[in-house]
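Here the structure is a predicted model, which means the values were calculated and not measured.
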Amino acid sequence: QVQLVESGGGLVQAGGSLRLSCVASGSTFSYYAVGWFRQAPGKEREFVATISWSGDNTYYADSVKGRFTISRDNAKNTVYLQMNSLKREDTAVYYCAAGRDSILVLTPERANYWGQGTQVTVTS
């Protein structure tokens, strides 16, 4: 069992930056791939970025490539999402998700555990 808690969301102007954190407790977190997803009002949950258990492999949605960076510190049981050059369309609730049986968490179906989400609002 893994519990995930996201933090770091908030209100930011377009062009600004935020760093989200996803802290895990419970089972051995370093065995899990982790993905970040987001959901805007009235829209489906969408993939943002993912990282393998070792941190050697990452993958990004085209919409965030070059602006967002995912990383992890297994000693701290934490995965980060550094978000730069934020746009209004990045406004959403951001969720982290851990997958036990996948190299990368590319879709919600590959996740075994979810956090409660953190709100990111980008203003113009």
For this session: Look at the rings of Phe47 and Phe37 and say which category their plane angle falls in: under 30° parallel, 30 to 60° tilted, over 60° perpendicular.
Result: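 Answer is perpendicular, since the angle exceeds 60°.
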Problem set entry | Pair Arg38-Arg45, side-chain contact (heavy atoms from CB on, under 4.5 Å): steps then yes or no | CA-CA 6 Å; Arg38 66 187 181 187; Arg45 191 167 297 189; over 6 Å; no
Problem set entry | Connected hydrophobic set around Tyr32, excluding itself, where side chains approach under 4.5 Å |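 Under the 4.5 Å side-chain rule, Tyr32 groups with Val2, Leu4, Val12, Leu18, Leu20, Phe29, Tyr31, Val34, Trp36, Val48, Ile51, Tyr60, Val64, Phe68, Ile70, Val79, Leu81, Met83, Leu86, Tyr94, Tyr113, Val120, Val122.
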Interatomic spacing from [atom1] in [X] to [atom2] in [Y] - rounded to 0.5 Å:
{"X": "Asp101", "Y": "Asn112", "atom1": "CG", "atom2": "CG", "result": "5.5 Å"}
{"X": "Arg88", "Y": "Gln13", "atom1": "CZ", "atom2": "CD", "result": "12.0 Å"}
{"X": "Ser124", "Y": "Lys87", "atom1": "OG", "atom2": "NZ", "result": "14.5 Å"}
{"X": "Ile103", "Y": "Asp56", "atom1": "CD1", "atom2": "CG", "result": "11.5 Å"}
{"X": "Glu6", "Y": "Tyr95", "atom1": "CD", "atom2": "OH", "result": "8.5 Å"}

Exercise. Will you find, in the side chains of Thr121 and Gln119, an N or O donor that is under 3.5 Å from an N or O acceptor?
Worked result: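 Indeed, the side chains of Thr121 and Gln119 share at least one donor-acceptor pair under 3.5 Å.
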Problem set entry | Distance-only side-chain donor-acceptor flag, Ser17 / Asn84, under 3.5 Å |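 Ser17 vs Asn84: donor-acceptor pair found between side chains.
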Spell out, as yes or no, whether a donor-acceptor pair under 3.5 Å connects the side chain of [X] to the backbone of [Y].
{"X": "Ser63", "Y": "Ala61", "result": "no"}
{"X": "Arg72", "Y": "Ser52", "result": "yes"}
{"X": "Ser102", "Y": "Gly99", "result": "no"}

Exercise. Would you say Lys43 has more than 12 foreign heavy atoms packed within less than 6.0 Å of its NZ?
Worked result: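 Atom NZ in Lys43 is not crowded, with 12 or fewer foreign heavy atoms closer than 6.0 Å.
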For this session: Find out if a path of hydrophobic residues (ILVMFWY) with successive side-chain heavy-atom gaps under 4.5 Å connects Tyr80 to Val93.
Result: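 No; tracing contacts between hydrophobic side chains, which count when under 4.5 Å, never links both residues.
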For this session: Over all heavy atoms of both residues, which pair between Ser21 and Thr78 is shortest? Give the atoms and the distance, please.
Result: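 Scanning both residues completely, I find the closest heavy atoms to be CB-CG2, 4.2 Å.
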Exercise. Can the positive tip of Arg100 be found less than 6.0 Å from the middle of the six-membered ring of Trp53, inside 45° of the ring normal?
Worked result: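 That pair does not qualify as a cation-pi contact.
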Problem set entry | Non-neighbouring partners of Arg67 that pass salt bridge (Lys or Arg N to Asp or Glu O under 4.0 Å), sequence neighbours left out |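 With neighbours one apart ignored, the set is Asp90.
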